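These numbers were taken from a predicted model, which means no experiment stands behind them. When a residue number appears, it is its place in the shown sequence, counting from 1.
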Amino acid sequence: MKRLCLFISIVLCCILSYGQYDAATYAKTCQQQTENAVIRQYHLVEPFFREAYKLYPTVPRGVLEAVAFTYSRFYHLSPKIEEDTSGQIPPTYGVMGLTLDGKGYFRENLKLVSQLSGYSMDQIVSSPRDNVVAYAAAYAALQKQMGITSKNMSDQFPILDALSELPVPVDKTHDFVIQSQHYAFCLFVNHARYRMEIPMEINQVDTRQVFGTMLPILQSGFISIF
């Protein structure tokens, strides 16, 4: 009986160890495949980012990509404007993921980008090039208004917030959403593989310093807000 128990224990340990190894290998493979897909898609639209930074050199390289990665993974999103999306989360448009109809809750940042950049909303919706360049123009305009010249990611938050579709924080729920978006931007600019493949002059972020006591909450897999 003791020998049988010992044998069963050894077999279980081997199964568990193999299972853990197999799961870890699978997760790593999936992550690499995802990164490869993101980078391939980025290279398709990279000329638009290069042009945007050339036209608006005060915009730190990498910040536009952080927004595009977070919202669209560098795809030009083009939902049909005439579709009835009542009761649904508003669709977003273009590589930069801009909102046209906020449904009375989200801010309509596509209209703001159009106003600040001089590009028509039709141009911004239909052309991936115009979508990126118009956002860069709006960014540079707000950068000048706010007097922001830093290349630190956290110093870009006021501009990014102004250009976001998210509601202005008025309570802890909205504040958490904004902070989560900031954190997502920071994860991108801190990502070693993306920094290797995508030209960035925006500085990496010390997330502990930037988010402080909020960091464990932002890193949590589950959050309950009362």
Side-chain angles (χ1 to χ4, degrees), residues 10-50 52 60-80 85 88-99 106 128-129 131-132 135 153-154 156-157 160 163-166 173 176-211 214-225:
I10 292 172
V11 170
L12 286 173
C13 286
C14 290
I15 291 172
L16 289 172
S17 297
Y18 176 76
Q20 290 173 354
Y21 173 77
D22 188 59
T25 302
Y26 178 74
K28 186 175 181 180
T29 300
C30 288
Q31 180 181 350
Q32 289 174 342
Q33 290 175 344
T34 300
E35 291 172 359
N36 291 341
V38 166
I39 290 165
R40 282 196 301 271
Q41 183 59 33
Y42 165 73
H43 284 305
L44 295 178
V45 294
E46 188 270 338
F48 309 142
F49 288 98
R50 189 168 62 243
R61 285 181 177 270
V63 72
L64 300 179
E65 288 88 343
V67 175
F69 171 83
T70 302
Y71 277 94
S72 74
R73 295 301 191 266
F74 300 112
Y75 283 88
H76 182 70
L77 307 175
S78 54
K80 292 181 180 178
T85 57
Q88 300 178 17
I89 293 177
T92 52
Y93 296 87
V95 180
M96 306 307 290
L98 302 173
T99 297
F106 294 94
R129 180 264 177 196
N131 192 272
V132 173
Y135 188 97
M153 189 67 199
S154 57
Q156 313 304 311
F157 290 164
L160 293 167
L163 290 175
S164 173
E165 88 290 359
L166 297 178
T173 300
F176 171 74
V177 172
I178 287 285
Q179 293 280 347
S180 296
Q181 187 175 78
H182 293 171
Y183 183 64
F185 295 152
C186 292
L187 286 182
F188 174 79
V189 302
N190 281 356
H191 195 291
R193 176 91 187 273
Y194 296 147
R195 287 193 76 87
M196 230 170 34
E197 299 281 350
I198 298 172
M200 294 193 202
E201 58 183 5
I202 195 82
N203 294 328
Q204 288 184 283
V205 183
D206 182 343
T207 52
R208 290 184 181 180
Q209 181 180 2
V210 170
F211 297 104
M214 276 290 292
L215 184 60
I217 300 173
L218 295 168
Q219 292 176 330
S220 297
F222 175 80
I223 297 293
S224 179
I225 300 177

[X] and [Y]: which non-hydrogen atoms are nearest, and at how many Å?
X: M200; Y: V189; answer: SD-CA, 4.1 Å
X: E65; Y: I198; answer: CG-CG2, 3.9 Å
X: P128; Y: F48; answer: CB-CE1, 3.9 Å
X: G94; Y: S72; answer: O-CB, 3.9 Å
X: P60; Y: I202; answer: CB-CD1, 3.8 Å
X: Y183; Y: Q219; answer: OH-CG, 3.1 Å

Starting at [atom1] of [X], measure out to [atom2] of [Y] and round the result to the nearest 0.5 Å.
X: S164; Y: Y71; atom1: OG; atom2: OH; answer: 4.0 Å
X: L64; Y: Q156; atom1: CG; atom2: CD; answer: 10.0 Å
X: M153; Y: T207; atom1: CE; atom2: OG1; answer: 13.0 Å
X: N131; Y: Y93; atom1: CG; atom2: OH; answer: 12.0 Å
X: E197; Y: E35; atom1: CD; atom2: CD; answer: 9.5 Å
X: N203; Y: C186; atom1: CG; atom2: SG; answer: 11.5 Å

Q: Compare all side-chain heavy atoms of V45 with those of H76 and state whether any distance is below 4.5 angstrom.
A: no
**Q.** L44 side chain near Y75 side chain, heavy-atom distance below 4.5 Å
**A.** no
**Q.** Charged tip of R73 within 45° of F69 ring normal and under 6.0 Å
**A.**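 Satisfied, under 6.0 Å and within 45°.
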Q) Between L160 and F185, does a side chain to side chain contact (heavy atoms under 4.5 Å, CB included) hold up when you go through it step by step? A) CA-CA 10 Å; L160 293 167; F185 295 152; 3.7 Å; yes
Q. Short question: side chain of Q41, backbone of F74 - any donor-acceptor pair under 3.5 Å?
A.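 At least one qualifying donor-acceptor pair exists.
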Q. Taking the side chain from T34 and the backbone from C30, do they hold a donor-acceptor pair closer than 3.5 Å?
A.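 Yes; at least one donor-acceptor contact below 3.5 Å.
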(Q) Does the plane of the ring in F49 sit parallel, tilted or perpendicular to the ring in Y42? Use 30° and 60° as the thresholds. (A) tilted
Q: Given side chain to side chain contact (heavy atoms under 4.5 Å, CB included), test R193 with N36 step by step and report yes or no.
A: CA-CA 10 Å; R193 176 91 187 273; N36 291 341; 2.7 Å; yes
(Q) side chain to side chain contact (heavy atoms under 4.5 Å, CB included) for Q181 and V177? Distances and angles first, verdict last. (A) CA-CA 6 Å; Q181 187 175 78; V177 172; 6.0 Å; no
